[in-house]
2 protein chains.
Amino acid sequence: MVRRSSVRVPSSTANIGPGFDAFSMALKEPYMDLSVEALEGAEGIVVDVQGPYRGLVPKEPQRNAAAKALKQLIELSGKRLGLKITINASIPVAKGLGSSGAEAVGAVVAGERVLGLDLTVEERIRAASSAEPGHHADNVIASLLGGFNIIDNSLESLTYLNLKPPENMGAVVIIPSFVKKSTDEARKALNQQPMLKEYVQALSRASMIAAAIAQGRMDLLLKLIPLDPFIEKVRADAGLYGEGYNWESLLEEKKKLLNEYGVALCISGSGPSRFLIYDIRRGMDRVERAVEYLSERIERMAGGVERIIYTRPTAQGAKITEER
Amino acid sequence: MVRRSSVRVPSSTANIGPGFDAFSMALKEPYMDLSVEALEGAEGIVVDVQGPYRGLVPKEPQRNAAAKALKQLIELSGKRLGLKITINASIPVAKGLGSSGAEAVGAVVAGERVLGLDLTVEERIRAASSAEPGHHADNVIASLLGGFNIIDNSLESLTYLNLKPPENMGAVVIIPSFVKKSTDEARKALNQQPMLKEYVQALSRASMIAAAIAQGRMDLLLKLIPLDPFIEKVRADAGLYGEGYNWESLLEEKKKLLNEYGVALCISGSGPSRFLIYDIRRGMDRVERAVEYLSERIERMAGGVERIIYTRPTAQGAKITEER
């Protein structure tokens, strides 16, 4: 019988260029540690939040993603017991790195053990997604399974494909300091309808990216990931990536980063973090210059950089680190 | 010095479910034989058409796809000489199997040899595509390179990815007897704009199909290829797949074919041919029953079936068969 289960959960990036609401990828750094513990003779859920981003994670169980996911699991188990969630909030919050998805995944993976459940992967995804606004499974699947994922949430049964990211893919996350509008608000910018041309560009580019991931074709990934034909365009022009940015200035950066430094730029999730991808085999000098260039631009045009994280994709999803 | 070059060119299917204007795949059957021969002391292009579909291929060089592609090559070469194209028209014409693309590819591959050119793959694709209405490269790339292809025609340079189709993928083409509206007319049905939901469905499903091709995941291919969220729907409701068909009746067929026979149905190119995909390892009985079911439906709802072709994808593109 497990009384306390601790898990480590990777952060994730979603969308990834043309792959809006379809692509997500787990990142080796940052990650989050979370534990669930049974409380003798109690009922209900208590949440304890520690770590560098503790001030940004709600502690009320009604508003906390881990607690909401755990509540689903308690209902599934039919058990009446008290549970304590301890979160080490080390993934930046509301920056497009899937922090609430990671919390929910951690609660499900640890909670399953403490509640003595034996869930299928689909049940884990469903329980964790139910805690996410809009029930988007993209970040959840990446944090749970690791790797690069393609998801279709619109079919009768959740359909997804989990791929191993290329070994030689490196990544950098540049986190602007400005506070973004909520993901819900970012969605409101999408009241435009795409043109048929954009529809075709999105599906052809996303398809090539997906196949290029499967084949480790970094050249194609670098070329195509910056080229979102619709969503980033609309959101950039709505000011969601910083007041000083529009699609033209973002595209200018993308082109310069690719042509001069061999680095692909896209927005992580609904932003505001910038996600950079590069080929590890081609050396770090150019990557560092690219980061310097982009950081200066963000300082000037969007009010500053909060944090820069050198990372890489990971095929490792949420993992139990300790149980007793 | 080559005086006469003969090539064999595979037919192809394009779109393939959600992959509108992005996916194409070469088919082992039907194929087309075509030769280009230098004519001593002459100038200009003459076209000789033989074979079962000879009545449907225009012989005037201005209207013949092979002649138009060859004209491009003559201009590239700067040579003044007479050329004779002999086409064995054995790919059904205007049925969605890329017959004009195959003709253009055959003329480029054979013509390059007779004209003593040394073209890059991109130059071959461009010359052959220039002979196609709308310059669509999808069928051309499949007939030239073989395999399953993903294409983005909208970038500064043509971008494509060539994949080997799964070994165990079998296919059937059912060709209705009715004469379709032209591809140009089929495009006119697309004056609607897709919804954001359809945009996301198209890119996520097409991406999963592309990665599933790369990984040989027949289960996902069978599930997702029937589910085009927009183009087939609009065209079905515009009556382009037969007067008796709309999206509802087409979708009914798709579901029955998948659930009862394990066969995926999509429209080949802009139609009217029906393209069926199945897993060879699961036996032919169910495939034959599926073909029987669908043929009866097409007889009843769209005026009859002209031809049924049992085939499979091929990784072999256009191939020189004889030179002298």
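Within every chain, numbering begins at 1; the chains are lettered A, B, ... in the order of the sequence lines, protein sequences first and strands thereafter. A quick note: this is a predicted structure, and the numbers were derived from the prediction, not measured.
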Picking from A:Ile231, A:Leu196, A:Asp21, what satisfies side chain to side chain contact (heavy atoms under 4.5 Å, CB included) with B:Tyr199?
A:Ile231
Roughly how far apart are B:Ser204 OG and A:Phe23 CZ, rounded to 0.5 Å?
9.0 Å
Is it the case that B:Ser154 and A:Lys197 place a side-chain donor and acceptor less than 3.5 Å from each other?
no
Are more than 12 heavy atoms from other residues, nucleotides or ligands located less than 6.0 Å from atom CZ of A:Arg286?
yes
Minimum heavy-atom separation for A:Lys223 and B:Thr159, please, with both atom names.
NZ-OG1, 2.8 Å
Is it the side chain or the backbone of A:Ile209 that comes within 4.5 Å of chain B heavy atoms, both, or neither?
neither
Is it the case that over 12 heavy atoms from other parts of the model lie below 6.0 angstrom from the CD atom of A:Gln316?
yes
How many angstroms lie between atom CZ of B:Phe230 and atom CG of A:Leu203, to the nearest 0.5 angstrom?
11.5 Å
What's the separation between atom CD in B:Gln201 and atom CG in A:Asp152, rounded to the nearest 0.5 Å?
6.0 Å
Identify the two heavy atoms, one from A:Leu163 and one from B:Gln215, that lie closest to each other, and give their separation to 0.1 Å.
CD2-NE2, 3.3 Å
Non-hydrogen side-chain atoms of A:Leu155 and B:Arg205 separated by less than 4.5 Å
yes
Taking every heavy atom of A:Ala211 against every heavy atom of B:Leu161, the minimum-distance pair comes out as CB-CD2, 3.5 Å
If you look at every heavy atom in A:Gln193 and B:Pro194, which pair is closest and at what distance?
NE2-O, 3.0 Å
Surrounding NZ of A:Lys233 (heavy atoms of other residues, nucleotides or ligands, distance under 6.0 Å), is the total greater than 12?
yes
Looking at A:Ala22, A:Ser207, A:Pro229, A:Gly19, which makes the most heavy-atom pairs under 4.5 Å with chain B?
A:Ser207
